K.L.:
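Sharing a structure with you now.
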Amino acid sequence: MKMTILPGWLLGAALLGAGPAVAQSPATGPAYDAHTLFNPAFIEQLATPTRTAGGQPGAQYWQNAADYKIDARLDEKAARVTATVDITYTNNSPDNLAFVWLQLDQNLYRADSRGAAATAVAGGRFGNSARNFRGGDSLQTVAIELHGKKLKANYRVQDTRMQIMLPEALKAKGDKLKISIAYAFNVPEYGSDRLGRLKTQNGEIFEVAQWYPRMAVYDDVEGWNTLPYMVAEFYLEYGNFDYTVNVPANYLVGGSGELVNPAEVLTSSQQSRLAKAAGSDQTVLVRSAQEVPQAASRPAGKNGRLTWHFRCQRARDVAWAASAAFVWDAARMNLPSGRKSLAMSLYPVEAAQDTAWKRSTEYVKKSIEYNSKQWYEFTYPVATNVAGIVGGMEYPGIVFCGAKARKARLWAVTDHEFGHNWFPMIVGSNERKYPWMDEGFNTFINILSSNAFNNGEYAKQLNDTAKLVAGNIRYMSDPATDPPFTVPDVTQPNYLGYAAYGKMGYGLFLLRAEILGPERFDYAFRTYINRWAFKHPQPKDFFRTMNEASGEDLTWFWREWVYNNWILDQAVTTVTYVNQDPAQGALITIENRGQAAMPVTADVTETSGKTSRVKLPVEIWQRGGTWTFRYNSTTPLTEVRLNATKLLPDANPSNNVWRAQVLK
């Protein structure tokens, strides 16, 4: 992953690639039309049994569930994982299902995959450019158990999807299907920045994800969601995971969820240090850099191998990392309910040679504690940051960050990837179709967490307001830029970072700072999270929840910001005085010259030196593109300045200021 230090809202753009080289004139485009912007029918949502008109789950809301039991073995020499998985799939829907769909994500790495065919010659972060790599899932057996009958499965595999045709329908409202699969796959060196292997001086680091057949989502909106894995993100059902990983005895393993058998896989000193870390707000070394090459720092195991056992409850996925090269440290996290969780980091000796990764656990702790207090409590017993070849990728309770990340960059990627534990790990939106509900929301909470971290230690580097506004204008002014709503993960890769990450992150920041205010915004945003925790919201569920919980009709905002890239251009045109007497008040006329609208903030300065701030609601633009307001002046005005906070993306700031003519 190539990352530079950019404003937090542009973190995603930095992760995904450069944007447009040249912005077009912001003055182009159709004139303002109040009837279009404020159309009340724009996001009307009729109530259904599963989703209310106000944006919350309906009385008959349902979603299916998938529980997994996985036993895996890592062949470190062959870089190959061999495993069995037992899936218990529960059909809570009102529909009988004649077949089910699973995702075989590793098939992306087959030379003949659709993802390989759709990867540019130059490669790409999410593509399959390793055409000579022999990847993909090798299926040994596929069996099912349905209604008490155990059968060999009737299935077909097409690219990254497996369809199992059932001998009789999986019945509605609670019927269960068990699927058992034995399989294996080779771990790519660089797997689309999702998984991979990094060679270090003390051994190879394996980061393993998308490593088991996963149930596709069947929902109340589209039925089976079967987009092939040639896009960047995922959409998954929730369930409980019980999994084991067998590795060489000198390896350490970090995984999603709780380690069930620490006494079997840790030395007595490591167990004691881990217990100390669980009670410490300061980082505690569980295995030091000096101990990494020492055989005594690991149990001998059976036949030179050990099996690590993890459980992860109420999750949509699990991942793990393993290596003999890991330094390991940890600290306690203090959650709002009083519950404790553990922040941990695993990184090679090379990354421990400066202060960057030595602060990783501090970064994990502060990020999760802030977001838990601000939005919704972190739900997993452990949060682990792993340094490896993956530049930045999130999974429940564990993230992979680039081993070469340093200082603000390491904070930013750690905070961003763990921010995903809220979106989409807790709020399970369809990030394949709506990445802005995942990356954009997360980019927004990153702005606040970076401002809060150590009283803004990295805030200036990551959240420069002037760059934030200028960057937004630049992208919105480029006609090639896709608006957020129309951007699946595969479209316009040069603009994905902005459309999926930056625009929505900045938009929610604007909504909080300039339109609703922090108190009302935070209440509405928390309401959305609480309503849809561990569920599957759609865009209109978010829009309607924010409208309902804030008490504002924000339909205009969603239309201009999410569905379009409309330009904002507010202007001051004239200043006159009541009865030509400044002591009786001033009449200030402003115009809305772009297609977008925003509330108005104007700073008015008089010759007396008095400066007052006037705030006007967005509803003034419902009457048309011109508005005159009265200002109670006592002396002549010297200046009227719009967008005084400089937070609005006004594309033409030259007409934001009116100044009185000075007679010579």
Side-chain angles (χ1 to χ4, degrees), residues 23-40 42 466 469-470 472-479 483 506-507 510-511 513-515 552-561 563-580 582 584-606 611-633 636-662:
Q24 295 191 1
S25 169
T28 59
Y32 175 69
D33 180 7
H35 295 89
T36 299
L37 180 59
F38 290 97
N39 182 344
F42 176 56
V469 176
N472 190 79
I473 294 171
R474 177 189 180 207
Y475 279 85
M476 288 175 67
S477 301
D478 189 323
Y506 172 41
L510 272 183
L511 194 60
E514 291 287 294
I515 299 169
E552 290 286 337
D553 182 359
L554 298 169
T555 304
W556 61 273
F557 180 80
W558 311 126
R559 182 162 205 177
E560 73 181 31
W561 202 263
Y563 289 81
N564 297 281
N565 280 332
W566 288 345
I567 297 299
L568 178 71
D569 182 11
Q570 297 179 346
V572 189
T573 56
T574 61
V575 173
T576 61
Y577 299 105
V578 177
N579 297 323
Q580 299 183 344
Q584 295 186 43
L587 299 175
I588 302 171
T589 300
I590 57 178
E591 290 184 0
N592 200 54
R593 295 177 175 175
Q595 287 178 283
M598 284 283 174
V600 174
T601 301
D603 279 5
V604 182
T605 303
E606 302 183 40
T611 298
S612 300
R613 178 161 291 180
V614 177
K615 292 189 174 184
L616 302 172
V618 73
E619 283 79 12
I620 63 173
W621 304 121
Q622 288 181 342
R623 311 293 178 88
T626 301
W627 185 257
T628 299
F629 66 95
R630 179 168 178 162
Y631 172 77
N632 294 325
S633 59
L637 306 189
T638 60
E639 183 180 278
V640 178
R641 180 180 296 274
L642 302 184
N643 192 18
T645 63
K646 297 184 179 180
L647 291 179
L648 299 182
D650 194 306
N652 187 14
S654 64
N655 60 23
N656 287 172
V657 181
W658 172 92
R659 292 186 179 91
Q661 294 183 354
V662 179

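Source: prediction; values computed, not measured. Just the heavy atoms: all of them, side chains too, but no hydrogens, waters or symmetry mates, feed the values below.
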K.L.:
Just by distance, do the side chain of W566 and the backbone of G594 share a donor-acceptor pair under 3.5 Å?
P.N.:
no

K.L.:
Quick check against the 3.5 Å criterion: does T638 have a side-chain atom that pairs as donor or acceptor with the backbone of T605?
P.N.:
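Flag set: sc T638 to bb T605 pair under 3.5 Å.
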
K.L.:
Heavy atoms only: give me the nearest P599-L648 pair and the separation to one decimal.
P.N.:
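Where P599 meets L648 most closely, the heavy atoms are O-CD1, 3.6 Å.
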
K.L.:
Which residue is it: L511, L510, L554? I am looking for the one with a side chain to side chain contact (heavy atoms under 4.5 Å, CB included) to W561.
P.N.:
L510

K.L.:
If you define the side chain from C-beta out and look only at heavy atoms, does anything of T645 sit under 4.5 Å from R613?
P.N.:
yes

K.L.:
Got a donor-acceptor contact below 3.5 angstrom from the Y631 side chain to the L637 backbone?
P.N.:
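Absent.
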
K.L.:
Determine whether L642 and D650 make a side-chain contact, defined as any pair of heavy atoms from C-beta on separated by less than 4.5 Å.
P.N.:
no

K.L.:
Within the side chain of N652, is there an N or O that forms a donor-acceptor pair under 3.5 Å with the backbone of D569?
P.N.:
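No, N652 side chain to D569 backbone: no donor-acceptor pair under 3.5 Å.
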
K.L.:
Checking N592 side chain against A596 main chain: does a donor-acceptor pair fall under 3.5 Å?
P.N.:
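Answer holds: yes.
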
K.L.:
Quick one: does D553's side chain get under 4.5 Å of F38's, heavy atoms only?
P.N.:
no

K.L.:
When you compare the side chain of V578 with that of L587, does any pair of heavy atoms fall below 4.5 Å?
P.N.:
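Touching, per the 4.5 Å side-chain cut-off.
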
K.L.:
Below 4.5 Å, heavy atoms only, C-beta onward: do V640 and I590 meet side chain to side chain?
P.N.:
no

K.L.:
Provide the closest heavy-atom pair for S633 versus A586 in the form atom of the first, atom of the second, distance.
P.N.:
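Where S633 meets A586 most closely, the heavy atoms are OG-N, 3.4 Å.
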
K.L.:
Under 3.5 Å, side chain of N564 to main-chain N/O of P483, donor-acceptor pair present?
P.N.:
no

K.L.:
Has N656 got a side-chain atom pairing as donor or acceptor with Q570's backbone, closer than 3.5 angstrom?
P.N.:
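Such a contact is found between N656 side chain and Q570 backbone.
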
K.L.:
Return yes if some donor-acceptor pair links the side-chain N/O of T589 with the main-chain N/O of T573 below 3.5 Å, else return no.
P.N.:
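Here the side-chain-to-backbone pair does not exist.
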
K.L.:
Are side-chain heavy atoms of V657 and E639 found at a separation under 4.5 Å?
P.N.:
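Result yes, sub-4.5 Å side-chain heavy-atom pair found.
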
K.L.:
Would you compute the distance between atom CE of M598 and atom CG of L616 and round it to the nearest 0.5 angstrom?
P.N.:
15.0 Å

K.L.:
What pair of heavy atoms forms the shortest contact from N39 to R559, and how long is it?
P.N.:
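Closest approach of N39 to R559: CB-NH1, 3.4 Å.
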
K.L.:
Please report the shortest heavy-atom distance between Q622 and Y32, naming the atom on each side.
P.N.:
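Closest pair (atom of Q622, atom of Y32, distance): N-OH, 4.3 Å.
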
K.L.:
If I compare all heavy atoms of P582 with all of P636, which pair ends up nearest, and what's the gap?
P.N.:
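Reported closest heavy-atom pair: CB-N, 3.6 Å.
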
K.L.:
Can you tell if the side chain of N655 reaches within under 4.5 Å of the side chain of E591, non-hydrogen atoms only?
P.N.:
no

K.L.:
Would you say V618 and I515 make side-chain contact, with heavy atoms under 4.5 Å?
P.N.:
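No. Closest side-chain heavy atoms not under 4.5 Å.
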
K.L.:
For A651 versus I567, what's the shortest heavy-atom pair and its separation?
P.N.:
CB-CG2, 3.5 Å

K.L.:
Between L568 and E560, is the side chain to side chain contact (heavy atoms under 4.5 Å, CB included) condition met? List the steps.
P.N.:
CA-CA 10 Å; L568 178 71; E560 73 181 31; 5.9 Å; no

